[in-house]
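Below is one structure; the comments refer to it alone.
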Amino acid sequence: MHPSVLNWLRSFLPTQGYVDRFERMRGSAGALFGLVLTGSVTYLILGDGVGTAWLIAPMGASSVLLFAVPSSPLAQPWSIIGGNLLAAIIGITCAKVLDAPVLAAGVAAGLSIGAMFWFRCIHPPSGAVALTAVLGGPVIHDMGYTFVLAPVLLNSVLMVLSALFYNNATRRPYPHRPQPAADQPRKHETTDAAPTERAGITAQDLDEVLKRYNQVLDISRGDLEAIMLQTEMQAYRRQVGETTCATIMSKDVVTAEFGTPLAEAWQQLQRHDLTALPVIDRGRHVIGIITKADYLAHAEAQTHEGLGQRIAHLIRPSQLSHTEKQEVVGQIMTREVITAQATQSIVDLVPLMSNQELHQVPVVDAKGQLVGILSQSDLIAALYETTMAERHLSH
């Protein structure tokens, strides 16, 4: 058989799945939870008078999106509520205007898709809502436009509320609102992109490709960009090898404790020509970090003229038993500290040290105890050596 025919036949086979057993069970249980809750609450509100219309069939398709793929743009609240409302209105209108059911069904589906494109609320099950409005039989036709409010709007809102509770309770943030890298705040408040964006795939590159692709994707642009950037990092990690933080970190770490006097910590920074000192407790767990920037930030609050005088006033002990003046490291240190694991690949630190401009990252072991510190200089040297080694081997 010709290879092109074989490739065409293979396209009918299912694609490889990448979700684990827990995710499959989570999605299945979510659909059960959402449909039972929606149907029960709708029945309690509407009673028996509506007949079998208290839970319309398209909600089954909506449950697949809401609980199995909650990150899809097609599964977001506006997609389900807006798409179902538009489809219900268009479907009822077509059923009233056109006598031929088949023609009315086709027109309703086509107009619904166009309306969903226009209002940016594409939701595939909404096509079934339009068909239900046309082909649902006397029960639906007798309801007229009340079908839009109940059960369509009621079902849609209850399904969204169920998804809000269940997905977030099972650690699947919903609604899914990824923040594209291009929209992240920039430290220097300039228009330049982050360093990693300038060196690799840019937002403009992705936008240009998506325009040429010209098809609806069942993934948000932000998620697609994040996946591409992570894939790029994974490829680089594979190329440079698994160089870990423990391999290149400095092990003889100068540290401070919560009660270390400010003057002593400042002398340590100056003596060892450092920009930061990890702050540890008695168990060597990192509880903060003290940087020269912390000294400068608190010195700015002093009333003395001249930076040198302000810093001198900050670190000078008050010699009082009770004072509101900052005396020890723990009073001015940065408490939220980003740390790295000793077994972690150095590639993971590239975005932290380039985009977030961290000059030094404390390295901890599996017990969370400080075992070293990794600086920008360490990272640059390691990446340089690895790249040169790769070029040498390739030659």
Side-chain angles (χ1 to χ4, degrees), residues 19 22-95 101 105 108-109 112-113 115-116 121-176 218:
V19 297
F22 170 80
E23 180 60 20
R24 294 194 293 268
M25 294 176 60
R26 192 200 66 82
S28 301
L32 171 63
F33 170 77
L35 288 172
V36 170
L37 179 64
T38 298
S40 300
V41 174
T42 303
Y43 178 79
L44 291 175
I45 294 175
L46 301 182
D48 293 328
V50 187
T52 58
W54 43 267
L55 184 62
I56 55 176
M59 290 299 110
S62 294
S63 69
V64 176
L65 289 171
L66 288 173
F67 299 101
V69 282
S71 62
S72 168
L74 310 179
Q76 303 313 301
W78 171 239
S79 296
I80 179 174
I81 295 175
N84 286 347
L85 278 178
L86 290 172
I89 294 172
I90 292 172
I92 292 296
T93 302
C94 289
S112 296
I113 293 174
M116 285 187 285
C121 55
I122 297 178
H123 185 64
S126 298
V129 173
L131 293 186
T132 302
V134 175
L135 306 176
V139 173
I140 303 299
H141 296 163
D142 292 343
M143 295 174 64
Y145 285 104
T146 58
F147 173 74
V148 176
L149 299 177
V152 173
L153 178 60
L154 183 58
N155 279 180
S156 301
V157 171
L158 289 173
M159 286 293 290
V160 168
L161 293 176
S162 302
L164 281 168
F165 171 78
Y166 183 84
N167 286 327
N168 287 291
T170 55
R171 299 184 180 180
R172 290 294 182 271
Y174 184 84
H176 186 73
D218 193 11

Check your understanding: Any side-chain heavy atom of H176 within less than 4.5 Å of one from N167?
Key -> no

Study note, to complete from the structure: Between P58 and the options L131, I80, V129, the side chain to side chain contact (heavy atoms under 4.5 Å, CB included) test singles out V129

Check your understanding: Once you round to the nearest 0.5 Å, how far does OG of S156 lie from CE of M59?
Key -> 4.0 Å

Check your understanding: About how many Å separate CD1 of I56 and CG of N84, when rounded to the nearest 0.5 Å?
Key -> 6.0 Å

Practice item. On the 0 to 90° scale, with breaks at 30° and 60°, tag the F33-F165 ring pair as parallel, tilted or perpendicular. Key: tilted

Point to revise | Backbone of I92 reached by a side-chain donor or acceptor of H141 within 3.5 Å | key: no

Check your understanding: At what distance, to the nearest 0.5 angstrom, does OG1 of T146 lie from CG of L153?
Key -> 12.0 Å

Practice item. Find out whether L55 and P151 are in side-chain contact, i.e. whether some heavy atom of one side chain is under 4.5 Å from a heavy atom of the other. Key: no

Practice item. List the steps, then state whether side chain to side chain contact (heavy atoms under 4.5 Å, CB included) holds for Y166 with L66. Key: CA-CA 10 Å; Y166 183 84; L66 288 173; over 6 Å; no

Review point. Between atom OH of Y174 and atom CG of N168, what is the distance when rounded to the nearest 0.5 Å?
Key: 10.0 Å

Review point. Given side chains that start at C-beta, do those of S126 and I113 come closer than 4.5 Å, heavy atoms only?
Key: no

Exercise for review: Search all heavy atoms of V19 against all heavy atoms of R24 and return the closest pair with its distance.
Suggested key: O-NH1, 3.1 Å

Revision key, fill the gap. Between L35 and the options S40, S63, S62, the side chain to side chain contact (heavy atoms under 4.5 Å, CB included) test singles out S63

Study note, to complete from the structure: Distance col, row W54:CH2 vs T38:OG1, nearest 0.5 angstrom, shows 11.0 Å

Check your understanding: Do you know the tightest heavy-atom contact between P70 and R172?
Key -> CG-CB, 4.3 Å

Revision key, fill the gap. Looking only at heavy atoms, the pair that brings I89 and T93 closest together is O-OG1, 2.8 Å

Exercise for review: Over all heavy atoms of both residues, which pair between I90 and A115 is shortest? Give the atoms and the distance, please.
Suggested key: CD1-CB, 3.9 Å

Exercise for review: For G91 and V134, work out which heavy atoms get closest and say how close.
Suggested key: O-CG2, 3.5 Å

Revision key, fill the gap. One should read off an interatomic distance between L86 CG and H123 NE2, to the nearest 0.5 angstrom, of 12.0 Å

Practice item. List the atom of F67, the atom of G34, and the distance in Å for their closest heavy-atom pair. Key: CZ-CA, 3.9 Å

Review point. Heavy-atom distance under 4.5 Å between the side chains of L154 and L46, does that happen here?
Key: yes

